[in-house]
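Everything on this sheet refers to the single structure shown next.
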Amino acid sequence: MATRPLRLSSRRIRLKFLLFILLILVPISVISIFSYGQKISYFFRPLWDNPPRPFERLPHYYAENVSMEHLCRLHGWSLRSKPRRVFDAIIFSNELDLLEIRWRELYPYIWKFVILESHTTFTGISKPLLFAANRARFTFAENKTVHDVFSGHVASHGSHRNPFDLESQQRVAMNGLLQRAGISNGDLLITSDTDEIPSPHTVKLLQWCDGVPPIVHLEMRNYMYSFEFPVDFSSWRATIHIYGPHTHYRHSRQTDLIFSDAGWHCSFCFRNIRDFAFKMTAYSHADRVRRRDFLNYSRIQKLICQGDDLFDMLPEEYTFQELIKKMGSIPRSSSAVHLPAYLIENADKFRFLLPGGCVRTSEAASQG
């Protein structure tokens with residue numbers, strides 16, 4: 001007689017458990033996936049994604065007051081009788097301070113600075129022609145500057161055009177601009193974003209040595225927000241080409257060769273908070289702005305000084321070991337050694353890029 005009540009009780013427990021799952025756990029799971037799906041995906045990336053094939057690293061030898069002939073020989077190359085002409089080609093958005101540092105640093109070695117800007121961002125947002133409006137700031141390089149404007153495409157409301165398509169169109173336009181700038185076979189071509197700055201001694205070495213590979217990626221010290229927050233050496237997209245008939249302006253992997261410790265990549269290194277917010281909505285990964293409050297000025301300022309991620313994302317890594325190692329805030333550095341010389345010479349002007357300069361201008365911060 002006692003068996004039946006026990007069975008009914010057991011069924012009631014199972015029914016309550018199922019109702020608990022349906023009414024509580026399932027909605028919580030759905031909300032969690034919707035809110036934190038990107039984080040969950042990135043955390044388990046080592047399980048679902050494979051790393052790209054490793055680069056073949058070329059050692060980089062350099063010290064002050066060592067002859068160029070000796071440096072060429074250490075790399076297995078030989079000294080040229082005269083240097084190659086160097087063309088520095090960038091697609092420009094709004095990094096005026098980094099552009100000045102880049103051009104001042106590289107000016108003695110560059111034949112032509114080739115710069116293309118657009119009326120729109122890669123995401124189809126209208127923007128001013130900042131280089132054209134601030135050209136007086138770059139009169140020191142006027143004799144070497146080749147500038148043009150890409151018309152761009154304003155995205156209509158509700159459109160979902162791939163920002164990488166617009167980015168690709170600008171890179172194709174750059175190929176034509178390089179031709180108009182007078183580039184020839186055998187010249188050295190730097191292809192990189194404005195904030196990917198090759199070191200001067202790297203450019204000088206590659207323009208003076210024979211035997212340099214026709215295409216080589218440049219490994220760069222990777223920084224976030226300023227040179228106070230060094231991340232790693234993961235920046236590889238910048239390349240140097242010995243220009244030839246099949247050379248095309250690209251920002252993707254083009255060879256397995258990478259030249260070690262060849263410059264600096266300072267990402268989101270802006271003077272004003274408004275420039276951070278603009279880039280967050282303008283560049284090809286603007287989909288990472290998942291909520292409007294991500295663009296709140298006070299939030300951005302707080303994250304900059306903490307060394308935390310603007311998009312509340314986990315590191316993009318292919319192993320759990322690297323992912324866990326890079327989780328959390330970027331450790332601060334007090335070192336301002338081996339940085340661009342023009343930056344150090346003008347430390348007061350560029351204080352925001354150096355240790356202790358995380359607080360941005362009050363003009364931008366007041367707009368939060």
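The shown structure was predicted, so the numbers you read here are calculated from the model rather than taken from an experiment.
Annotation: side chain of Leu189 is in contact with side chain of Thr191 (closest heavy-atom distance under 4.5 Å). At least one side-chain heavy atom of Cys358 sits less than 4.5 Å from a side-chain heavy atom of Glu228. Inter-residue side-chain proximity for Ile90 and Leu99 is flagged as met; some heavy-atom pair is nearer than 4.5 Å. When side chains are defined from C-beta on, Tyr61 does not count as touching Val66, because their heavy atoms never get closer than 4.5 Å. Looking only at side-chain heavy atoms (C-beta outward), Met327 and Pro315 come within less than 4.5 Å of each other. Two residues are said to be in side-chain contact when any heavy atoms from C-beta on lie closer than 4.5 Å; Trp77 and Pro213 meet this criterion. Proximity of Thr121 to Thr281: side-chain heavy atoms (C-beta onward) are nowhere separated by under 4.5 Å. Taking the side chain as every heavy atom from C-beta outward, Trp264 and Phe227 approach each other to under 4.5 Å.
Connection of Val146 to Trp103 is not established within any shared hydrophobic cluster, with ILVMFWY side chains joined at heavy-atom distances below 4.5 Å, either directly or through further cluster members. Tracing side-chain contacts under 4.5 Å through hydrophobic residues (I, L, V, M, F, W, Y), one never reaches Tyr243 starting from Phe113; they form parts of separate clusters. A continuous path of Ile, Leu, Val, Met, Phe, Trp and Tyr side chains, each step under 4.5 Å between heavy atoms, connects Met220 with Tyr109, placing both in one hydrophobic cluster. The cluster map of Ile, Leu, Val, Met, Phe, Trp and Tyr, joined by side-chain heavy atoms under 4.5 Å apart, puts Met280 and Ile273 in the same cluster. Note on Leu354 and Ile330: separate hydrophobic clusters, where clusters join Ile, Leu, Val, Met, Phe, Trp and Tyr whose side-chain heavy atoms are under 4.5 Å apart, directly or indirectly.
Of the candidates Arg351, Lys349, Glu95, Arg360, Lys349 is the only one forming a side-chain contact (heavy atoms from CB on, under 4.5 Å) with Arg271.
With no hydrogens or angles considered, a side-chain donor-acceptor pair links His147 and Glu117 at under 3.5 Å. For the residue pair Ser192 / Arg102, a side-chain donor-acceptor distance below 3.5 Å is found, with atom types taken as modelled.
Between Glu196 and Arg237 there is no salt bridge, since no side-chain N of the basic residue sits under 4.0 Å from a carboxylate O of the acidic one. A salt bridge between Asp195 and Lys279 is present, with a side-chain N of the basic residue lying under 4.0 Å from a carboxylate O of the acidic one. A salt bridge links Asp232 with Lys326: the closest approach of a Lys/Arg side-chain nitrogen to an acidic carboxylate oxygen falls below 4.0 angstrom.
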Next item on the list: Carefully, step by step, assess Arg253 and His217 under the rule side-chain contact (heavy atoms from CB on, under 4.5 Å).
Entry: CA-CA 8 Å; Arg253 183 156 175 169; His217 285 280; 4.1 Å; yes

Margin query: side-chain contact (heavy atoms from CB on, under 4.5 Å), that's the test. Do Phe352 and Ile304 meet it? Break it down for me.
Written below: CA-CA 11 Å; Phe352 69 98; Ile304 294 168; over 6 Å; no

Notebook entry, point to check: Can you list the steps and then say if Ile300 with Leu310 is a side-chain contact (heavy atoms from CB on, under 4.5 Å)?
Noted result: CA-CA 7 Å; Ile300 293 172; Leu310 292 173; 3.9 Å; yes

Next item on the list: Kindly indicate, with the supporting measurements, whether the criterion salt bridge (charged side-chain N to carboxylate O under 4.0 Å, His left out) is fulfilled by Asp312 and Arg291.
Entry: CA-CA 11 Å; Asp312 192 26; Arg291 302 194 309 269; 5.1 Å; no

Margin query: Using side-chain contact (heavy atoms from CB on, under 4.5 Å), reason through Gln254 and Thr239 one step at a time and then give a plain yes or no.
Written below: CA-CA 8 Å; Gln254 300 170 64; Thr239 55; 3.8 Å; yes

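You'll find the ring centres of Tyr62 and His338 outside the 6.0 Å limit.
Nearest heavy-atom pair across Val216 and Thr255 is CA-CG2, 4.1 Å. Residues Asp187 and Gly182 come closest through the heavy atom pair OD2-O, 4.3 Å. Scanning both residues, Leu353 and Tyr225, for their nearest heavy atoms gives CD2-O, 4.4 Å. When all heavy atoms of Pro198 and Leu106 are compared, the closest pair comes out as O-CD2, 3.4 Å. When every heavy atom of Tyr223 is checked against every heavy atom of Ser226, the shortest pair comes out as CB-O, 3.5 Å. Closest approach of Ile344 and Ala336 over heavy atoms only: CD1-O, 3.6 Å.
Between the side chain of Arg299 and the backbone N or O of Lys302 there is no donor-acceptor pair closer than 3.5 Å. In terms of modelled atom types and a separation under 3.5 Å, the side chain of Asn272 and the main chain of Arg274 share no donor-acceptor contact. Between the side chain of Arg171 and the backbone N or O of Ile91, no donor-acceptor pair lies under 3.5 Å.
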Side-chain polar contacts of residues 127-144 - donor-acceptor pairs under 3.5 angstrom, sequence neighbours left out - could you list them?
from, atom 1, to, atom 2, distance (Å)
Lys127, NZ, Ser118, O, 3.1
Asn134, ND2, Leu130, O, 2.8
Arg135, NE, Glu142, OE1, 3.2
Arg135, NE, Glu142, OE2, 3.4
Arg135, NH2, Glu142, OE2, 3.0
Arg137, NE, Glu100, OE1, 2.7
Arg137, NH2, Asp97, OD1, 2.8
Arg137, NH2, Glu100, OE1, 2.7
Thr139, OG1, Ala136, O, 3.4
Asn143, OD1, Tyr107, OH, 3.3
Lys144, NZ, Tyr107, O, 2.6
Lys144, NZ, Ile110, O, 2.9

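With rounding to the nearest 0.5 Å, the separation of NE2 in His60 from NE2 in His201 is 5.0 Å. Rounding to the nearest 0.5 angstrom, the gap separating the CZ atom in Arg84 from the CH2 atom in Trp208 is 11.0 Å. Rounding to the nearest 0.5 angstrom, the gap separating the CZ atom in Phe55 from the CD1 atom in Ile258 is 4.5 Å. Here His246 contributes atom NE2 and His248 contributes atom NE2; the two are 8.0 Å apart, rounded to the nearest 0.5 Å. One distance of note links NZ of Lys204 with CE of Met68; it measures 4.5 Å at 0.5 Å rounding. Considering OG of Ser199 and CG of Asp261, their distance stands at 7.5 Å, rounded to 0.5 Å.
By the 6.0 Å contact criterion, CH2 on Trp111 is open, its count of non-hydrogen atoms from other residues, nucleotides or ligands being 12 or less. For NZ of Lys112, the number of neighbouring non-hydrogen atoms (other residues, nucleotides, ligands) closer than 6.0 Å is greater than 12.
Using a 30° and 60° split on the angle between ring planes, Phe268 and Phe311 fall in the perpendicular class, above 60°.
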